[in-house]
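Below is one structure, written out as structure tokens; the observations come after it.
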Amino acid sequence: MADQTADVVIVGGAVMGSSVACHLAMRDDFSGRIVVIEADPAYETCASARSAASIRQQFSSAINIEISLYGIRFLREIGAALNVNGDRPAIDLHEGGYLFLATPDKLNILQENHRLQQQLGADIAFLDPDGLKVKFPWLEVSDLAAGCHGVTGEGWFDGYGLMQAFRKKARSLDVDYIAAKARVASDGNGGWSVELSTGERLSTPVVVNCAGASGGAELCRQAGMDVPIVSKKRCVFTFECKDKLERFPLLIDPNGTYARPEGTGYICGSAPPEDRDPDCHDFDVDYGLFEEHIWPTLATRVPAFEAIRPGAAWAGCYDMNLFDHNAFVGAVQGLDGFYLALGFSGHGLQQSPAVGRGLAEQVVTGGYQTLDLSPLAFDRLAAGTPIIEKNVV
């Protein structure tokens, strides 16, 4: 089959790749051909479809806070931003807030984070144990020093719906989606050759690696670079509780276990201990994690959860950045025309609006025009300057 050409090839067509494609196609100063390559066109195993799908400003690093402040504005206005011929997408956004809880040994971290969040404009309330008990009377607070609750701007949404909204908008703007696996190589002339499992070959000056846990690190190796990104499995469990708990937020226990409402019940999860967290590409659910850790934690923190009815569970894989658990975003020095949006470590859905917009700016203009995403550049790895994020969930 004859070679094809494209101005931009995006490998990975889930939420991040589709956001990049959508933002590129919406720009008045870009008119080239955009091709998105997606190995899983049914999106059965992508993180976008298997995530707990939430957004928060309660980070400890300014760049992550600023990314999500933009993200919540985008999600609130998604119907207008991504409408296609009057069909306005809906993602069922619930601004129920995150509730981060701290024991006395972590109080100073919570206070430092809260000060930064407030400085940047996040709407986060700081509550002492008495204040927590007044606002959330179902909560056990005897071991707590304080908690921070997102009054507005934080919550959860339909992550699959967000991905499909980006994808539908991109396709309406003539972005081509091809179902295939991809391999990349330099073409020897300053551009890139992208081989597809269909037998096709694409020549392009720009490749954007949004391949995530399923192939992002391998695509980097093909391009001539190594990244400390691996696939890690995370499990999500559902349950029902007979008691009605008013104003239940996305609760983060001090040990990292989380729970939030979903429909008439709840979903929950937790990162496994390091000795039970190998690099992984399977989707087998670790039910022992729920029985041995998650449920006991939640039953202690919320006594009403001592009597629950467990439901369905599923697993998904994140592209985990072992360097600092933050994404690598932007152009790669020394690899002209090769861009990264990789290693989001579980934050990809909420960061997709800002990162898609920023990468579109960088591809077209050579720099960032709105929010400066340079703190996420890949060169921080060689410089040994990680982004220290204390609120890793």
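- Of all heavy-atom pairs between Tyr98 and Glu154, the closest is N-OE1, 3.0 Å.
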(message) Does Trp295 form a side chain to side chain contact (heavy atoms under 4.5 Å, CB included) with Phe239? I'd like the steps, not just the answer.
(response) CA-CA 10 Å; Trp295 185 14; Phe239 65 91; over 6 Å; no
N/O donor-acceptor pairs under 3.5 Å from side chains in residues 362-369, not counting sequence neighbours:
residue	atom	partner	partner atom	Å
Gln362	OE1	Ala331	N	2.9
Thr365	OG1	Glu361	O	2.7
Thr365	OG1	Gly367	N	3.3
Thr365	OG1	Gly367	O	3.0
Gln369	OE1	Arg27	NH1	3.0
Gln369	OE1	Arg27	NH2	3.0

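- A side-chain donor-acceptor contact under 3.5 Å links Asp40 and Thr45.
- Only one option out of Arg171, Arg167, Arg33 pairs with Asp176 in a salt bridge (Lys or Arg N to Asp or Glu O under 4.0 Å); it is Arg33.
- Between the CG atom in Asp379 and the CD atom in Gln333 there is a gap of 5.0 Å [rounded to 0.5 Å].
- In this pair, Phe328 and Phe378 present their aromatic rings perpendicular. The plane angle is above 60°, beyond the 30 to 60° band.
- Side-chain contact annotation: Arg357 with Thr370, donor-acceptor N/O pair under 3.5 Å present.
- The shortest heavy-atom contact between Ser61 and Ile388 is CB-O, 4.3 Å.
- With sequence neighbours excluded, the residues satisfying side chain to side chain contact (heavy atoms under 4.5 Å, CB included) with Asp284 are Lys233, Asp282.
- Side-chain atoms of Asn64 and Gln351 include a donor-acceptor pair closer than 3.5 Å.
- A cation-pi arrangement is present between Arg56 and Phe59, with the terminal nitrogen or guanidinium carbon under 6.0 Å from the aromatic centre and inside a 45° cone about the axis.
- Under 3.5 Å, the side chains of Asp187 and Ser203 contain no donor-acceptor pair of N or O atoms.
- Judged by distance alone, with hydrogens and angles left aside, the side-chain atoms of Trp138 form a donor-acceptor pair with the main-chain N or O of Glu246 at under 3.5 Å.
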